[in-house]
2 protein chains.
Amino acid sequence: MIELSDILQAQERIKGAAVRTPLIESADLNALAGRRVLVKPENLQRTGSFKFRGAFNRLSQLDDVQRKAGVVAWSSGNHAQGIAASAQILGIHAAIVMPADAPATKVENTKAYGAEIVFYDRYTEDREEIGRALCKERGAVLVPSYDDLDIIAGQGTTGQEIAEDVRALGVTLDAALICCGGGGLIAGSATALKAANPDTDVFAVEPEGYDDHARSLVSGQVEAADTSQPSICDALLAPCPGKLTYPINSALLTGGLVVTEDEVQHAMRMAFRVLKLVVEPGGSVALAALLSGKLDPCHETVAIVLSGGNVDPEVFAKTLAA
Amino acid sequence: MIELSDILQAQERIKGAAVRTPLIESADLNALAGRRVLVKPENLQRTGSFKFRGAFNRLSQLDDVQRKAGVVAWSSGNHAQGIAASAQILGIHAAIVMPADAPATKVENTKAYGAEIVFYDRYTEDREEIGRALCKERGAVLVPSYDDLDIIAGQGTTGQEIAEDVRALGVTLDAALICCGGGGLIAGSATALKAANPDTDVFAVEPEGYDDHARSLVSGQVEAADTSQPSICDALLAPCPGKLTYPINSALLTGGLVVTEDEVQHAMRMAFRVLKLVVEPGGSVALAALLSGKLDPCHETVAIVLSGGNVDPEVFAKTLAA
């Protein structure tokens with residue numbers, strides 16, 4: 001578990017490096033959703049996703065010996081960019097193990113932030129094995145993408161900023177919809193949101209096939225996803241709830257919502273048309289859950305996190321045309 | 001001319017109806033532009049462009065008799081949406097004269113806000129004649145898109161918000177790049193920005209072919225655009241500087257910058273890739289001027305207005321692929 005104080009300390013560490021993203025509202029979206037929707041656009045975050053928050057919080061705490069040895073991470077792309085950009089700012093060498101079929105935009109950006117990229121085959125190789133071997137060989141520090149308390153606290157600054165802005169608006173937040181892969185963003189954010197208002201219901205949103213949190217929250221035990229299935233939500237393909245994230249999430253979350261690929265693509269088009277925001281598939285699931293009527297109307301004021309915007313132009317253009 | 005007090009009054013009138021858009025910053029954009037860039041994303045404004053500000057400021061001041069008689073406006077789409085949405089909120093009937101080839105998104109949205117649309121042929125008919133005839137017939141109030149002091153003051157709230165946010169950041173603004181069609185947005189915004197800091201250089205940015213302000217500012221007299229030429233910047237096709245806007249702009253602006261269609265499309269792609277924002281062609285000219293090196297490097301801290309995001313999905317997809 002983490003405490004609110006861990007998140008507040010993370011907030012101090014990332015200040016100036018991370019973007020304090022705004023909480024935005026659209027009259028047209030409110031009309032479409034039939035309630036008040038407060039949007040946290042983490043696609044506007046440095047590196048195009050919330051992942052920079054956790055990465056910078058973690059890396060900025062490394063000591064001199066660790067900084068010299070460098071860091072290793074595995075990621076389909078958003079954690080990769082968060083680690084690479086943080087490492088670049090702090091002058092640390094970063095090696096990232098990425099799937100060969102990761103979105104080109106994510107690979108290019110990770111390279112542009114100066115990281116070394118090690119590709120692997122998602123279906124035949126084990127990224128954790130490759131990453132651990134690299135760490136051993138170099139004495140480097142492994143930085144997990146969600147199962148790490150500093151990562152969770154860093155991502156939790158997202159929820160803390162929502163809580164602060166909601167308070168400034170004088171609004172009571174009935175619910176928050178937050179996407180969920182390994183569960184780091186929602187674990188940290190739920191900690192902050194529940195500390196601000198224990199009555200806010202926090203829901204995990206997952207793409208179909210990767211609804212391991214939704215099923216785990218129902219069964220009360222950790223359920224795995226069938227990772228052999230493809231999904232357009234490349235950012236949310238964690239195999240199961242995390243060892244550190246799940247205890248937090250099972251204690252704090254009200255439940256899980258699951259969206260289809262059609263619902264995700266519709267949400268991406270509505271983000272384009274109504275919000276004028278570029279949101280990647282995995283970043284759109286909370287909006288998708290809202291627009292497809294997955295949330296009870298009793299939740300009148302709802303925050304949603306658009307977690308990232310790193311989508312290849314070809315994929316985006318195809319989604320607009322669909 | 002208008003005074004800062006007109007803008008501050010407009011700010012009070014539009015409060016709660018208009019979005020107080022944030023001033024955002026991207027480390028990646030700063031690196032690309034070689035300076036600090038503060039982005040005012042008016043694509044996040046209600047109706048997807050800054051035009052709502054002026055429209056609501058104007059319409060909210062109509063008396064009961066005028067409200068009953070309704071309003072008439074002509075516009076290729078952003079002023080249309082601003083007027084339609086403002087009229088809907090205030091319970092006023094709005095008739096909008098729109099070119100038959102206006103972007104489908106703009107036509108659909110204007111309809112969705114409940115306005116009556118009267119189409120005309122851009123090349124064979126005179127929209128002003130059609131609009132004035134409608135006004136006469138109905139006793140309706142004509143609401144110009146830029147040559148009106150309340151419209152100018154309303155659009156000026158954009159510049160005022162930039163000035164406020166720049167002050168809160170403790171930053172000195174060396175320059176502001178603002179798109180320019182009829183010149184209402186820049187006239188109002190320059191009034192606010194110059195009141196906050198007389199040393200801020202304000203530049204009008206126009207698409208090639210429609211560089212009437214740039215040429216007028218050089219020659220010292222009102223020069224006309226050749227409106228027979230097509231341009232992807234449908235929002236910026238005013239025939240010449242306005243009767244009310246030009247005296248303000250000639251007094252306050254440092255000069256005009258002109259961008260090509262290629263530079264505009266590149267800027268739209270960079271807004272997608274780096275900023276994760278959907279920006280329409282006319283809304284991208286300030287970013288285009290910055291990224292194509294049109295602004296002297298001595299301007300180290302620069303604000304740019306992204307004025308709107310109402311672009312058809314087909315046009316956006318085509319631009320991404322180009």
Side-chain angles (χ1 to χ4, degrees), chain A residues 16-32 39 41-49 52 81 85 88-89 104-105 108-109 112-113 165 169 268-280 283 306 308-322, chain B residues 16-32 39 41-49 52 81 85 88-89 104-105 108-109 112-113 165 169 268-280 283 306 308-322:
Chain A
V19 175
R20 172 67 167 83
T21 55
L23 196 61
I24 61 178
E25 192 173 355
S26 155
D28 289 342
L29 178 60
N30 288 349
L32 278 171
V39 178
E42 280 298 297
N43 55 336
L44 306 183
Q45 185 51 263
R46 194 167 190 159
T47 73
S49 92
F52 179 80
Q81 291 172 81
Q88 187 178 49
I89 294 165
T105 298
E108 282 161 25
N109 291 349
Y113 294 126
D165 289 356
L169 286 170
M268 288 173 71
R269 284 191 291 274
M270 296 311 279
F272 168 86
R273 221 177 84 185
V274 176
L275 298 176
K276 313 301 178 192
L277 292 176
V278 175
V279 190
E280 64 181 280
L306 304 182
N310 293 311
V311 51
D312 285 346
E314 300 74 23
V315 173
F316 197 77
K318 214 173 134 187
T319 304
L320 289 185
Chain B
V19 175
R20 173 70 167 79
T21 55
L23 196 61
I24 60 179
E25 192 172 356
S26 155
D28 289 341
L29 178 60
N30 287 350
L32 278 171
V39 178
E42 280 296 299
N43 54 337
L44 306 183
Q45 185 51 263
R46 193 166 189 159
T47 73
S49 92
F52 179 81
Q81 291 172 82
Q88 186 177 51
I89 294 166
T105 297
E108 282 161 26
N109 291 348
Y113 294 127
D165 289 356
L169 286 170
M268 288 173 71
R269 283 191 291 273
M270 296 312 279
F272 167 86
R273 222 178 81 185
V274 177
L275 299 176
K276 314 301 179 190
L277 292 175
V278 175
V279 190
E280 65 181 278
L306 305 183
N310 294 311
V311 52
D312 285 346
E314 300 74 23
V315 173
F316 197 77
K318 215 174 135 187
T319 304
L320 289 185

From CD (A:E25) to CZ (B:R46), nearest 0.5 Å: 9.5 Å
Chain A contact via B:D28 - which portion, at a heavy-atom distance below 4.5 Å: side chain
Part of A:V311 within contact of chain B (heavy atom distance under 4.5 Å): both
From CZ (A:R273) to CG (B:N310), nearest 0.5 Å: 11.0 Å
For B:L320 against A:F316, the heavy-atom pair lying closest together: CD1-CD2, 3.9 Å
B:K276 (side chain) donor-acceptor with A:G309 (main chain) under 3.5 angstrom: yes
Residue, of A:A27, A:A31, A:A317, A:P313, that accumulates the most heavy atom pairs under 4.5 Å with chain B: A:P313
Between CD1 on residue B:I24 and CD1 on residue A:I24, distance to nearest 0.5 Å: 9.0 Å
From CA spacing to verdict: side-chain contact (heavy atoms from CB on, under 4.5 Å), A:L277, B:V278: CA-CA 6 Å; A:L277 292 176; B:V278 175; 5.9 Å; no
Atom group of B:V274 that falls short of 4.5 Å from chain A, counting heavy atoms: neither
